[in-house]
Amino acid sequence: MNAISRNEMAQFEAPLVTFNLNGREVNGRATETIIEVAKREGIEIPHLCYKEGLETAGNCRACMVEINGERVLAPSCCRYPTAGMKVITDSERAIASQKMVLELLLSDMPETDYTRHNEVDQWADKLSVGKPRFKARKQVKQDASHAAITVNLDACIQCTRCVRACRDEQVNDVIGLAFRGDQAKIVFDMDDPMGSSTCVGCGECVQVCPTGALMPARDVALAVPDKQVASVCPYCGVGCQLTYNIKDNKILYVEGRDGPANHERLCVKGRYGFDYAHHPHRLTKPLIRRADAPKRGDFTMDPDNVMDVFREASWEEALAFAAGQLKQIRDQHGKKALAGFGSAKGSNEEAYLFQKLVRVGFGSNNVDHCTRLCHASSVVALLEGIGSGAVSNPVMDVTKAEVVIIIGANPTVNHPVAATWIKNAVRNGTQLVVCDPRRSELARIAHRFLQFKPDTDVALLNAMMHVIVTDGLVDREFIESRTVGYEELKQNVEGYSPEKMAPICGIDADTIKYVARLYATSRASMILWGMGVSQHIHGTDNARCLIALALMTGQIGRPGTGLHPLRGQNNVQGASDAGLIPMMYPDYQHVTDPKVQASFEQAWKLPVGTLDSTPGLTVVEVMHAIKKGEIRGMYVMGENPAMSDPDATHARESLAALDHLVVQDIFLTETAYLADVILPASAFPEKTGTFTNTDRLVQMGRQAIDPPGDARQDLWIIQQIAERLGLDWQYSHVSEVFDEMRHTMPSIGGITWDRLEREHAVTYPCVKEGDPGESVVFVDDFPRESGRARFVPVDIIPAAERPDAEYPMVLITGRQLEHWHTGSMTRRATVLDAIEPDPIALIHPLDLAAMGARPGDIVTLESRRGAVSLYARADDSSPRGAIFVPFCFYEAAINKLTNAALDPYAKIPEFKYCAIRASLGGLPPMQGSYGGGQVLEKITGQSKW
């Protein structure tokens with residue numbers, strides 16, 4: 001189902017027409033097809049190439065109806081009614097035509113069924129079409145070259161649904177219809193095997209295929225689920241709604257649902273990345289480190305030999321040991337000797353209860369989570385400038401924008417379904433500007449692509465503001481009525497002319513001027529950004545510039561405008577909202593505010609003065625504090641700092657130096673391997689809770705399967721730890737935690753659990769019960785004391801570490817389409833690890849040649865902090881001198897190289913820039929703990945290289 005485009009808006013303005021349908025008068029819009037009106041009127045017409053939401057094709061002719069008066073048969077999927085028209089869907093001629101089409105198609109169907117939902121069979125049964133009289137065509141060999149999708153062209157009826165889904169919805173342009181006559185067939189790229197094509201495995205073609213010609217590669221096509229459970233995707237921040245199909249407590253397959261963020265669309269992770277929950281590496285019993293185990297600093301990790309390091313324990317023993325040691329450290333060394341890392345993968349309720357545990361049970365604000373490593377700088381700048389850390393407009397508003405700027409983000413990889421809405425918008429006339437040091441997939445459809453030099457964001461953005469100011473393109477009325485600080489900003493950008501900044505950022509002055517004018521003068525302009533903006537020591541300054549661009553042009557507070565930092569994990573927004581950060585209580589209420597402190601002490605029924613009034617330590621600061629002996633005990637729930645933190649070797653040394661480390665997770669992660677006690681938790685499909693996506697949409701995730709063995713749900717574990725720390729919590733159901741949240745968080749005060757059960761999703765702010773929720777905010781004012789937004793001028797600050805003669809190249813880290821975050825889930829998902837099984841470095845072909853290397857060779861990357869060896873992949877998306885590496889591979893943990901230097905405002909590390917050198921050779925990456933390089937060959941018979 002597509003978002004409403006400008007062209008589709010015409011449907012709501014089209015005149016009504018009255019016509020006769022099967023003998024009765026009906027009304028329909030002139031822009032509606034006959035089949036659409038018939039469906040609304042409860043009249044069923046056979047159809048195969050037609051599918052709601054896809055552009056009509058009219059090529060199967062199964063939906064033929066008789067147009068009385070014209071004495072013609074017409075396809076109802078692409079014929080529009082006119083006043084007085086008489087349409088008969090079940091006349092003798094129409095039925096004969098429909099049956100003939102179905103009989104011809106049936107004659108070509110293979111004897112083997114690939115799906116339980118073959119629509120040709122279903123319509124043939126409804127119309128009582130008997131055994132075909134015609135001879136079948138030549139059978140086609142199955143294509144099983146792709147790890148996710150099997151191609152059975154002998155079942156293909158050339159309805160072209162897959163072509164339109166790939167071309168028009170996902171806009172991947174992989175599938176086509178080639179050749180002519182009886183030689184016509186569906187092809188992938190230039191008639192390549194699907195596994196060798198540019199297919200990204202989104203599965204949209206599988207979801208729309210009516211016959212099973214395109215099916216999941218695994219043998220689930222004919223399986224009958226016991227139940228279906230409506231939930232949401234556990235991966236990125238888009239928050240796609242999906243349906244789990246369950247049999248015998250196992251997920252068979254996943255389908256997209258018509259949720260507000262995805263309208264049935266999914267990506268390869270959402271559709272095929274679910275079987276991690278059933279992986280044999282799942283933790284099923286509490287574990288305590290053996291007395292004779294290797295010391296914690298020894299990082300030779302092997303999940304298959306976990307019992308050499310840990311022993312099984314009962315829950316009672318494990319909980320007593322975990323909480324008892326934490327309590328002992330608190331009592332002996334003080335409340336600030338403990339810290340907790342929560343998770344952006346968990347639910348809102350888990351995040352809320354975890355931060356409450358740290359603040360009340362530990363007694364300090366030393367609680368943080370991975371938002372510190374992704375969008376902390378965006379949140380700091382947004383809170384400072386406009387008073388709210390959340391997005392102003394949903395991603396879907398790109399379909400209402402005239403100009404969209406994407407900077408420092410790669411949505412096709414990190415937010416694939418959101419990227420489809422961007423691509424749809426471009427097809428409908430939106431002008432897209434992509435600004436990034438790396439050439440992303442969206443650059444091919446961009447109106448302008450600005451490949452600026454790494455680390456020069458401020459130079460580029462200040463130059464754009466210089467143009468807008470000097471050309472008089474600012475929105476004076478907006479600035480005067482709704483902002484403060486403009487004159488200081490105006491004065492600051494005077495020295496940043498495009499001519500001066502062009503040599504610095506690498507974009508010519510004319511292009512800077514053109515893009516600045518384009519953004520400022522459009523009716524509606526929108527900015528989306530990612531961690532390419534935020535993960536710098538000047539990340540807060542980068543975000544300040546983007547905020548200033550929107551404010552000076554008045555491009556905020558209306559549909560199709562605004563500021564949208566794309567959230568990386570499924571619940572980064574919700575975890576931050578729930579207070580899983582060291583300087584804020586839930587709803588971004590500052591811990592230093594006495595009134596706020598008093599309100600939470602009252603809500604949590606605590607004596608006055610119980611809560612700590614000083615901000616706690618952030619993720620990286622905690623690691624330094626451990627080395628200083630200030631932090632001695634930690635409780636980590638669902639985070640993996642041993643992989644995700646910068647200068648990972650230092651982070652691992654810090655974790656190993658703790659007196660006591662408690663880890664709650666579903667796998668033996670790199671962090672869990674360093675623990676004293678491991679508490680086996682629940683995977684995403686094994687629990688119920690709410691999750692908040694990047695659009696501020698609070699959605700319900702529902703339990704679909706039971707946890708394995710003795711694994712327990714996270715909320716239960718948190719409460720058990722709390723009880724042993726002396727807290728009397730009596731939550732009998734997750735809904736009770738949510739109800740407490742909404743009474744301490746005004747932004748979600750109007751959202752009830754019952755409403756979420758009914759509606760599945762509600763956008764905040766929703767202050768009063770019954771409020772619809774606000775998808776677009778800052779319409780009239782900003783949530784700052786004055787009601788006005790604030791301009792914050794910034795100057796150029798270079799990266800903390802620049803290339804030099806010893807380390808002449810730049811390292812950029814990020815994610816892959818197939819893998820997510822530290823890989824603990826996706827690398828245990830069979831299909832995903834089959835597609836991308838090995839650690840890779842994306843290197844410009846000319847840099848590769850200069851090293852004397854070829855694709856597939858082992859290369860070694862070194863920084864001042866460490867070295868990793870991994871496989872080289874030729875890739876011209878990165879500029880010469882820059883190498884991109886995903887941080888999900890344990891065998892080549894690239895965060896050993898990254899710089900832990902911090903943004904002074906947000907305390908976010910500089911992941912996106914550090915100096916390295918590259919050389920040919922090195923030891924092969926060790927066989928990964930998650931399956932590794934043999935998986936693809938095992939599934940498809942193909943070698944990755």
Side-chain angles (χ1 to χ4, degrees), residues 35 38-39 42-54 56-65 73 75-77 89-90 92 94-144 149-165 175 177 182 184-186 203-226 228 243 245 247 252-253 255-256 264:
I35 197 170
K39 182 180 179 181
I43 297 172
E44 200 171 49
I45 301 175
H47 57 274
L48 293 167
C49 71
Y50 169 79
K51 185 171 178 62
E52 185 178 359
L54 293 178
T56 57
N59 60 356
C60 77
R61 291 314 202 241
C63 68
M64 301 297 279
V65 296
L73 292 172
S76 60
C77 70
T89 68
D90 55 0
E92 185 177 345
I95 295 294
S97 175
Q98 294 165 6
K99 293 176 72 171
M100 177 59 74
V101 168
L102 290 167
E103 185 181 0
L104 287 166
L105 293 173
L106 273 177
S107 70
D108 249 1
M109 284 291 105
E111 295 181 4
T112 303
D113 288 326
Y114 299 116
T115 175
R116 292 182 297 108
H117 303 292
N118 190 320
E119 294 179 29
V120 175
D121 290 341
Q122 291 170 352
W123 283 116
D125 289 342
K126 288 182 179 181
L127 269 64
S128 301
V129 176
K131 186 176 181 180
R133 296 165 288 168
F134 311 108
K135 185 178 179 181
R137 292 184 302 167
K138 182 180 178 181
Q139 296 300 296
V140 184
K141 185 180 178 182
Q142 184 184 73
D143 175 4
I149 301 167
T150 298
V151 183
N152 308 296
L153 288 187
D154 55 344
C156 179
I157 60 173
Q158 296 177 16
C159 64
T160 69
R161 280 193 197 175
C162 60
V163 176
R164 286 170 282 151
I175 305 178
L177 182 64
D182 64 352
K185 68 170 186 174
I186 293 296
E204 194 75 34
C205 57
V206 174
Q207 185 155 298
V208 301
C209 179
T211 65
L214 294 164
M215 283 301 294
R218 300 178 319 122
D219 187 23
V220 298
L222 301 178
V224 180
D226 298 330
Q228 293 183 312
T243 299
N245 290 270
K247 183 178 178 64
L252 293 174
Y253 56 93
E255 297 173 302
E264 298 185 0

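Quick caveat: nothing in here was measured; it's all calculated off a predicted structure. Only heavy atoms go into these numbers, but all of them, side chains included; no hydrogens, no water, no symmetry mates.
A distance of 11.5 Å separates CG of Leu106 from NZ of Lys99, quoted to the nearest 0.5 Å. Note that the CD1 atom of Ile45 and the OG atom of Ser76 stand 4.0 Å from one another [nearest 0.5 Å]. With values rounded to the nearest 0.5 angstrom, Arg61 atom CZ is found 13.0 Å from Leu105 atom CG. Annotation: the span from Asn152 atom CG to Thr211 atom OG1 amounts to 8.5 Å, rounded to 0.5 Å. Atom-to-atom distance recorded for Asn245:CG and Asp226:CG is 10.5 Å, nearest 0.5 angstrom. To the nearest 0.5 angstrom, Leu153 atom CG is 10.0 Å from Gln142 atom CD.
Of the residues listed (Ser97, Cys77, Pro46), the one engaging Met64 in a side chain to side chain contact (heavy atoms under 4.5 Å, CB included) is Ser97, and it is the only one.
Between Ile157 and Cys60 the shortest side-chain heavy-atom distance does not fall below 4.5 Å. Residues Leu73 and Val65 fail the side-chain proximity criterion, which asks for heavy atoms closer than 4.5 Å.
Scanning both residues, Pro216 and Val206, for their nearest heavy atoms gives CD-CG1, 3.6 Å. In this structure, Glu264 and Gln207 approach most closely via the heavy-atom pair O-NE2, 2.9 Å. For the residue pair Pro210 and Leu48, the shortest heavy atom distance occurs at CG-O, 4.5 Å. Of all non-hydrogen atoms in Arg161 and Cys49, the two that sit nearest each other are CG-O, 3.6 Å. Across Cys162 and Leu214, no two heavy atoms sit closer than the pair CB-CD1, 3.6 Å. Here the closest non-hydrogen pair linking Arg164 and Cys159 is NH2-O, 2.9 Å.
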Next item on the list: Test Lys51 against Glu119 for salt bridge (charged side-chain N to carboxylate O under 4.0 Å, His left out), laying out the working first.
Entry: CA-CA 12 Å; Lys51 185 171 178 62; Glu119 294 179 29; 5.7 Å; no
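Not a single salt bridge (charged side-chain N to carboxylate O under 4.0 Å, His left out) links Asp143 to another residue, sequence neighbours left out. By the salt bridge (charged side-chain N to carboxylate O under 4.0 Å, His left out) test, Lys39 is found to be paired with Glu52, residues two or more places apart in sequence or in another chain being considered.
The closest side-chain donor-acceptor pair between Gln158 and Asn59, if any, does not fall under 3.5 angstrom.
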Residues 121-131, side-chain donor-acceptor partners within the protein, below 3.5 Å, at least two apart:
from, atom 1, to, atom 2, distance (Å)
Trp123, NE1, His47, O, 3.0
Lys126, NZ, Glu44, OE2, 3.0

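Without hydrogens or angle criteria, Glu103 side chain to Arg133 main chain gives a donor-acceptor distance under 3.5 Å. Proximity of a side-chain donor or acceptor of Thr56 to a complementary backbone N or O of Gly58 within less than 3.5 Å is not detected.
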